[in-house]
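When a residue number appears, it is its place in the shown sequence, counting from 1. Predicted, not measured: the structure shown is a model, and the values here were computed from it.
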Amino acid sequence: MSVRTPDPYPGWLSDEDLFEARGRLPMVYVEAVPVRLDPLGFVNEVGTLLQGDADGNMVRYLVSGRILYRETIRAALLRHMEKDLGPLAFPQLPVSPVPFTVAEYFPAPSQTGFTDDRQHAVSLVYVIPVTGECEPRQDALELTWMTPAEVLSEDVQQEFQGGRGNLVRQALAYAGVGL
């Protein structure tokens, strides 16, 4: 039997360790495109979060975050949905942890079209229906529900950073939305 000192960052890395790890390893994330469905199960609204970037510009983004050490994908999805949309969002997690796509982010533009200035990251991306009341939390200033046509408009697509507008486009195609 081994006796160990408790980890002061269970599942998390210190800021210094995270910076070091990001420079050496791809980080694993989950991302979710929150949607509202009509009674037949068709997507009628897509939720996006709005926040300010480092330059003071307003940008749209999706629910996302790292998967913790020893955390299941489903648990990570639930944790990040609650963190970004509030405890009463009532996300309908998928039966299977298979994402609709995998996005690979690089710190510089690459052939994938996805960028993240901080790191190389691999993100498992899901379309998650939400049935409850949502309130933006954490860094988000606003949660906006838009029709598929609105979220795919050129003006809104330009508000996404790092290729995330393309993820929304892929998510809607996956969900059978044809415009």
Side-chain angles (χ1 to χ4, degrees), residues 10-13 18 21-22 25-49 60-106 110-116 118-138 140 143-152 156-157 160-179:
W12 290 102
L13 299 171
L18 180 58
R22 282 180 166 155
L25 303 166
M27 303 301 287
V28 182
Y29 279 72
V30 289
E31 284 186 280
V33 179
V35 297
R36 294 210 186 267
L37 305 177
D38 70 11
L40 294 175
F42 293 106
V43 173
N44 61 10
E45 290 183 308
V46 178
T48 65
L49 296 160
R60 295 207 177 271
Y61 67 103
L62 304 172
V63 172
S64 69
R66 283 183 286 138
I67 299 174
L68 300 178
Y69 178 69
R70 299 183 63 101
E71 182 177 43
T72 66
I73 293 168
R74 292 174 62 78
L77 275 169
L78 187 59
R79 180 171 57 83
H80 289 294
M81 293 293 287
E82 183 174 302
K83 172 186 65 87
D84 288 347
L85 302 181
L88 300 178
F90 302 130
Q92 305 300 302
L93 297 183
V95 174
S96 169
V98 176
F100 80 84
T101 194
V102 176
E104 191 171 14
Y105 292 89
F106 288 96
S110 72
Q111 65 274 18
T112 69
F114 299 109
T115 58
D116 183 333
R118 305 167 300 164
Q119 64 195 337
H120 175 190
V122 176
S123 183
L124 309 174
V125 190
Y126 299 85
V127 175
I128 306 289
V130 175
T131 60
E133 293 298 318
C134 299
E135 291 185 30
R137 297 178 47 160
Q138 301 294 324
L143 169 66
T144 307
W145 291 99
M146 293 179 257
T147 66
E150 290 169 335
V151 79
L152 293 175
V156 173
Q157 286 289 301
F160 286 101
Q161 283 189 332
R164 286 170 185 86
N166 193 35
L167 281 182
V168 172
R169 189 179 314 279
Q170 290 178 31
L172 289 172
Y174 172 79
V177 175
L179 296 176

Measuring from [X]:[atom1] to [Y]:[atom2], what's the distance to the nearest 0.5 Å?
X	Y	atom1	atom2	result
His120	Tyr105	NE2	OH	12.0 Å
Arg164	Thr48	CZ	OG1	13.0 Å
Ile128	Leu62	CD1	CG	11.5 Å
Leu152	Leu172	CG	CG	5.0 Å
Asn166	Gln157	CG	CD	7.5 Å
Arg70	Thr72	CZ	OG1	12.0 Å

* Check the pair Trp145 / Cys134 against side chain to side chain contact (heavy atoms under 4.5 Å, CB included), numbers first and verdict last. => CA-CA 10 Å; Trp145 291 99; Cys134 299; 3.9 Å; yes

Minimum-distance pair of heavy atoms, taken over all atoms of [X] and [Y]:
X	Y	value
Val130	Pro34	CG2-CB, 3.9 Å
Ile67	Glu71	CG2-O, 3.6 Å
Val127	Ala171	CG2-CB, 3.6 Å
Tyr126	Ile73	OH-CG2, 3.2 Å
Val46	Val43	CG2-CG1, 4.1 Å
Ala32	Met81	CB-SD, 3.6 Å

* List for me each residue that meets ring-ring contact (aromatic ring centres under 6.0 Å, His included) alongside Phe90, sequence neighbours excluded, and say none if there are none. => none

* To do: Could you tell me whether Tyr174 atom OH has more than 12 heavy atoms of other residues or ligands within 6.0 Å of it?
  => no

* So with a 6.0 Å cut-off around CD of Glu133, is the heavy-atom count from everything else above 12? -> no

Would the distance check show the side chain of [X] and the main-chain N or O of [Y] forming a donor-acceptor pair, the cut-off being under 3.5 Å?
X	Y	answer
Glu82	Arg79	no
Arg66	Met27	no
Gln170	Leu167	no

* Structure fact -> Across all chains, not counting sequence neighbours, the salt bridge (Lys or Arg N to Asp or Glu O under 4.0 Å) partners of Glu135 are none

* To do: Could you tell me which residues satisfy salt bridge (Lys or Arg N to Asp or Glu O under 4.0 Å) with Arg60, sequence neighbours excluded, listed by chain and number?
  => Glu159

* Give the C-alpha distance, both sets of side-chain angles, the deciding distance and a yes or no for side chain to side chain contact (heavy atoms under 4.5 Å, CB included) between Leu49 and Leu85. => CA-CA 9 Å; Leu49 296 160; Leu85 302 181; 4.2 Å; yes

* **Pair Tyr61, Glu31: side-chain N/O donor-acceptor within cut-off below 3.5 Å** => no

* Any side-chain donor-acceptor pair under 3.5 Å between Glu104 and Thr112? -> no

Minimum side-chain heavy-atom gap [X]-[Y] below 4.5 Å:
X	Y	answer
Thr147	Glu45	no
Val168	Phe160	yes
Leu93	Leu78	yes

* To do: Using the side chain to side chain contact (heavy atoms under 4.5 Å, CB included) rule, take Leu124 and Tyr29 through it: C-alpha gap first, then chi angles, then the decisive distance, then the call.
  => CA-CA 6 Å; Leu124 309 174; Tyr29 279 72; over 6 Å; no

